[in-house]
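Structure, as structure tokens:
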Amino acid sequence: MSRRPLRIGLSARIYHPQPGATGIQSKSLHYLEQSVAHWVMSREVMVFMIPSVSGDGIVHRSSIRLSDYPQYLDGLVLQGGADISPQSYGEEPVRPEWAGDRLRDNYEIELLHEFMEAGKPVLGICRGHQLINVAQGGTLYQDIESQYESPAVHIHPDYDRHAHPIVWEEGSRLAKLYPGQPGGHVVSIHHQAIRTLGRGLQVEARSVGDGLIEAIRLEGRQFVLGLQWHPEFHPPGSPDLLDCTPILDLFLSATRGRRW
């Protein structure tokens with residue numbers, strides 16, 4: 001009998017209606033970036049986007065809660081998107097455009113905690129990496145350019161074609177995953193970054209030059225890993241970018257119950 005495909009949950013990006021919008025843009029929309037789903041699905045995995053369960057819809061929802069999803073899914077990927085709200089880590093936005101998405105924060109933090117409580121592996125990408133840190137009590141730089149001394153370039157008009165080098169933290173799990181390879185170039189686009197680490201988190205990688213945190217993991221046996229970069233933007237076989245398939249395979253191996 002063949003083994004069933006793994007079922008991986010993907011958190012939703014959320015579009016909030018803007019004042020004066022009409023048609024579909026007058027509705028709350030849940031969506032994903034195709035590339036992240038395709039990256040996870042490259043290993044014969046089924047991906048399920050998990051909607052938020054806020055009670056503001058016209059139709060009354062059922063009794064299903066976010067806590068029910070870990071029973072049926074094998075792991076969780078937290079995708080990128082809008083800024084984390086500074087209010088989620090006890091601060092006020094320095095500028096209005098850095099207010100972030102508090103509603104999405106609350107939804108994803110609850111989702112993260114439900115999967116962690118169920119012992120299911122979690123992989124955070126970009127915003128998801130930052131969210132893991134905030135959910136564990138950590139803080140962020142609201143804006144690297146204005147709050148961090150001598151930063152490297154972390155945001156660029158080239159977007160998914162902009163890459164910079166990272167280096168593994170000595171003795172980290174990712175360093176062991178890439179023996180003989182001190183780091184690599186990654187597509188990493190962000191104007192916010194981890195400031196103080198959350199409870200139980202360890203640094204796995206840093207940006208070359210300025211030392212900003214680019215990867216974290218939760219201590220212990222449970223698989224919770226955050227990547228500040230976008231592995232889904234790394235073309236397979238690219239000679240210039242870090243091959244992230246070992247990280248995907250590590251995550252999927254954990255969903256099958258193997259210790260990492």
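A salt bridge does not link Glu214 to Arg206: none of the charged nitrogens lies less than 4.0 Å from a carboxylate oxygen. Using a 4.0 Å cut-off between charged nitrogen and carboxylate oxygen, Arg102 and Asp83 do not count as a salt-bridge pair.
If you look at Phe251 and Phe223, their ring centroids are closer than 6.0 Å.
Panel note: side chain Tyr69, backbone Leu111; no donor-acceptor pair is recorded below 3.5 Å. A donor-acceptor pair is defined here as one N or O able to donate and one able to accept, closer than 3.5 Å; no such pair exists between the side chain of Asn133 and the backbone of Ile194. Using a distance-only test at 3.5 Å, with no hydrogens or angles considered, no donor-acceptor pair links the side chain of Gln25 to the main chain of Ala21.
Asp240 and Ser238 share no donor-acceptor pair across their side chains, judged by distance under 3.5 Å alone.
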**Item:** side-chain hydrogen bond (donor to acceptor under 3.5 Å, both in side chains) assessment of Glu33 paired with Gln79
**Value:** CA-CA 8 Å; Glu33 188 162 2; Gln79 64 170 321; over 6 Å; no
**Item:** side-chain hydrogen bond (donor to acceptor under 3.5 Å, both in side chains) evaluation trace for Ser11 with Glu108
**Value:** CA-CA 7 Å; Ser11 67; Glu108 286 189 309; 2.6 Å; yes
**Message:** Before you tell me yes or no, could you show the steps for Ser188 and His190 under side-chain hydrogen bond (donor to acceptor under 3.5 Å, both in side chains), namely the whole-Å CA-CA distance, both residues' side-chain angles and the distance that decides it to 0.1 Å?
**Reply:** CA-CA 6 Å; Ser188 189; His190 54 108; 3.3 Å; yes
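Using cut-offs of 30° and 60° for the angle between ring planes, the Trp168 and Tyr178 rings count as parallel. In this structure, His162 and His164 have tilted ring planes: the angle between them lies in the 30° to 60° band.
A chain of hydrophobic side-chain contacts below 4.5 Å, direct or via other Ile, Leu, Val, Met, Phe, Trp or Tyr residues, connects Leu6 to Leu225. Val203 and Ile132 fall within the same hydrophobic cluster, defined by Ile, Leu, Val, Met, Phe, Trp and Tyr side-chain heavy atoms under 4.5 Å apart, directly or through other members. Ile84 is not connected to Trp98 by any chain of hydrophobic side-chain contacts under 4.5 Å among Ile, Leu, Val, Met, Phe, Trp and Tyr, and they are in different clusters.
Using a 4.5 Å cut-off on side-chain heavy atoms (C-beta onward), Leu29 and Arg13 make no contact. In this structure, Val224 and Pro121 have side chains that are not in contact, with every pair of non-hydrogen atoms separated by 4.5 Å or more.
Each of Lys120, Arg4, Arg256, Arg7 was evaluated against Asp74; a single residue qualifies, Arg4, per the side chain to side chain donor-acceptor pair (under 3.5 Å) test.
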